[in-house]
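Data block below; observations after.
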Amino acid sequence: MTQNTPEQSQLGRVSAYIDQYDASLLFPLPRETKRREIGITGSVPFLGADLWTAFELSWLNPRGKPMVALAQITVPCESTHIVESKSFKLYLNSFNNTRFASADAVRDLIRADVSTAIWHGGPVQASAGVRLVLPEQFNREAVHELDGLSVDRLDVECTQYQPAPELLHAALHEQPVTETLVSHLLKSNCLVTGQPDWGSVQIQYSGPQIDQAGLLQYIVSFRNHNEFHEQCVERIYMDIWQRCKPAKLTVYARYTRRGGLDINPWRSSHPQSPPANVRTARQ
């Protein structure tokens with residue numbers, strides 16, 4: 001099967017907004033290409049998922065009345081493909097003037113379509129998860145920052161703005177620690193358009209204590225780097241895993257929304273429940 005490339009997507013192009021349901025608008029991109037760059041071949045060495053939030057979902061009920069909801073979509077990291085985000089927006093827009101029997105019908109259709117896309121037509125080995133938040137539930141939606149000790153408090157000099165894993169250091173010969181570190185200074189750019197992607201990142205680990213100043217400089221080093229959200233988080237995970245040698249590691253980033261969508265990749269070395277998909281203040 002021919003593999004899609006980012007350059008073939010609708011990113012950076014003038015797009016027609018189709019308002020009648022069309023699943024073909026979803027544009028899958030293989031995970032394998034960028035994973036090879038960071039030394040991942042075959043099965044992935046982590047668990048996790050990409051947690052999406054769609055803030056602009058609407059459709060028509062059987063009488064033609066518009067309905068609205070938030071959609072929370074969970075894409076398993078073991079899937080062979082991601083969905084390019086602009087195509088996801090165009091796909092959701094195609095619901096706008098389409099009639100559906102119920103919110104459940106919309107949820108089930110999104111789950112089926114996304115599941116097909118992330119396996120790019122192959123057997124669906126793990127379905128996407130989809131939850132719709134309806135207007136009567138909006139008031140329950142929380143805003144909460146990532147928990148942990150902020151490394152942003154450190155007054156460090158930053159001179160590198162492309163990923164520099166050599167900035168990462170850990171006390172390999174001292175007693176291990178367990179801690180959670182966070183930064184709001186993660187920034188990267190879209191792989192195709194160069195548009196800025198702003199995020200916060202949480203790093204939970206057990207093992208040799210990571211040098212916090214070096215970690216902050218490393219996070220800042222993504223500032224001019226062009227890569228999709230999911231790829232940046234996997235690069236961060238692999239760099240910390242290889243250079244700091246933790247016994248356990250979890251990396252979780254929450255990126256600000258673009259086009260009514262936010263993407264929040266989460267990767268972990270060990271089985272655990274996914275984090276709650278709770279937005280931060282910047283989202």
Side-chain angles (χ1 to χ4, degrees), residues 1 4 9-10 17-31 44 47-62 66-138 140-141 228-230 233 252 254-255 257-268 271-279 283:
M1 181 179 294
N4 293 333
S9 74
Q10 288 297 312
Y17 281 80
I18 298 169
D19 61 5
Q20 294 292 328
Y21 166 71
D22 185 355
S24 70
L25 293 168
L26 291 171
F27 191 82
L29 290 170
R31 294 189 189 268
V44 292
L47 306 171
D50 306 321
L51 311 179
W52 293 62
T53 311
F55 293 90
E56 300 173 4
L57 174 61
S58 183
W59 66 94
L60 303 179
N61 74 6
M67 301 283 105
V68 297
L70 306 179
Q72 296 180 341
I73 300 107
T74 303
V75 176
C77 75
E78 63 266 31
S79 66
T80 55
H81 290 67
I82 61 174
V83 175
E84 186 278 307
S85 61
K86 184 176 180 181
S87 80
F88 208 153
K89 178 183 178 181
L90 295 172
Y91 163 73
L92 293 176
N93 192 78
S94 78
F95 285 68
N96 286 354
N97 281 343
T98 306
R99 298 190 184 208
F100 292 94
S102 65
D104 287 349
V106 172
R107 179 200 62 205
D108 293 346
L109 190 58
I110 294 173
R111 179 188 293 122
D113 290 342
V114 173
S115 296
T116 298
I118 63 177
W119 294 100
H120 199 34
V124 175
Q125 300 176 36
S127 296
V130 180
R131 172 177 176 258
L132 297 191
V133 181
L134 301 176
E136 56 268 26
Q137 302 166 309
F138 286 175
R140 303 179 205 164
E141 289 298 290
F228 293 141
H229 303 51
E230 302 93 332
V233 169
Y252 178 37
R254 294 201 64 90
Y255 281 88
R257 74 183 79 165
R258 183 188 298 154
L261 293 168
D262 66 36
I263 307 172
N264 311 286
W266 164 71
R267 301 292 184 269
S268 182
Q272 59 178 305
S273 298
N277 192 359
V278 177
R279 70 183 178 94
Q283 294 182 299

Taking all heavy atoms of Pro62 and all of Arg99, pick out the closest pair and write down the distance.
O-NH1, 2.8 Å
Arg254 and Asn277: CA distance, side-chain angles, deciding distance, side-chain contact (heavy atoms from CB on, under 4.5 Å) verdict:
CA-CA 9 Å; Arg254 294 201 64 90; Asn277 192 359; 3.0 Å; yes
Please give me the minimum heavy-atom distance between Ser58 and Pro66, naming the atom from each residue.
OG-CB, 4.4 Å
Would Thr53 and Arg257 count as having a side-chain donor-acceptor pair, cut-off 3.5 Å?
no
Do you know which two heavy atoms are closest between Ala128 and Ser115, and how far apart they sit?
N-OG, 2.9 Å
Please report the interatomic distance CG(Asp22) to CG(Asn93), rounded to the nearest 0.5 Å.
11.0 Å
Do Asp50 and Thr74 have side-chain N/O donor and acceptor atoms under 3.5 Å apart?
no
Show the numbers, then the answer: is there a side-chain contact (heavy atoms from CB on, under 4.5 Å) between Leu132 and Val106?
CA-CA 9 Å; Leu132 297 191; Val106 172; 4.3 Å; yes
Between Phe138 and Val133 the two heavy atoms that sit nearest each other are CE2-O, 3.2 Å
Listed by chain and number, what are the salt bridge (charged side-chain N to carboxylate O under 4.0 Å, His left out) partners of Arg107, not counting sequence neighbours?
Asp104
CA sep, side-chain torsions, deciding dist, call: Phe228, Ile263, side-chain contact (heavy atoms from CB on, under 4.5 Å)
CA-CA 10 Å; Phe228 293 141; Ile263 307 172; over 6 Å; no
Distance from Glu78 atom CD to Leu47 atom CG, nearest 0.5 Å?
8.0 Å
Could you tell me whether the side chain of Trp52 reaches within less than 4.5 Å of the side chain of Gln72, counting heavy atoms only?
no
Could you check if a side-chain atom of Val233 sits within less than 4.5 angstrom of a side-chain atom of Trp266, using non-hydrogen atoms only?
no
Asp262 CG to Tyr255 OH distance, which is reported to the nearest 0.5 Å
12.0 Å
Would you say His81 and Phe27 make side-chain contact, with heavy atoms under 4.5 Å?
no
Any idea which heavy atoms bring Leu57 and Ala71 closest together, and the distance?
CD2-CB, 3.9 Å
Between Gln283 and Asn264: side-chain donor-acceptor atoms closer than 3.5 Å:
yes
Among Ser79, Ser85, Ser87, which one satisfies side chain to side chain contact (heavy atoms under 4.5 Å, CB included) with Val83?
Ser87
Using only atom types and a distance under 3.5 Å, with no angle test, would you say the side chain of Arg31 pairs donor to acceptor with the backbone of Ile82?
no
Supply the atom-to-atom distance Leu51 CG to Tyr252 OH, rounded to the nearest 0.5 angstrom.
5.0 Å
Give me the atom names and distance for the closest heavy-atom approach of Pro76 to Ala126.
CG-O, 3.6 Å
Find the distance between CD (Glu56) and NZ (Lys89) and round it off to the nearest 0.5 Å.
6.0 Å
With a 4.5 Å limit on heavy-atom distance, are the side chains of Arg267 and Cys77 in contact?
yes
Applying side chain to side chain donor-acceptor pair (under 3.5 Å) to Arg279 and not counting sequence neighbours gives none
As an exercise, state the distance from CD1 of Ile18 to OG1 of Thr98, rounded to the nearest 0.5 Å.
10.5 Å
Would you say the side chains of Asn96 and Asp19 form a donor-acceptor pair under 3.5 Å?
no
Contacts of Phe95 that satisfy ring pair (Phe, Tyr, Trp, His ring centres under 6.0 Å) - sequence neighbours left out
Tyr21, Tyr91, Phe100
Pro135 versus Val68: any side-chain heavy-atom pair under 4.5 Å?
yes
Please examine the side chains of Glu141 and Leu70, heavy atoms only from C-beta on, and report whether any two atoms are closer than 4.5 Å.
yes
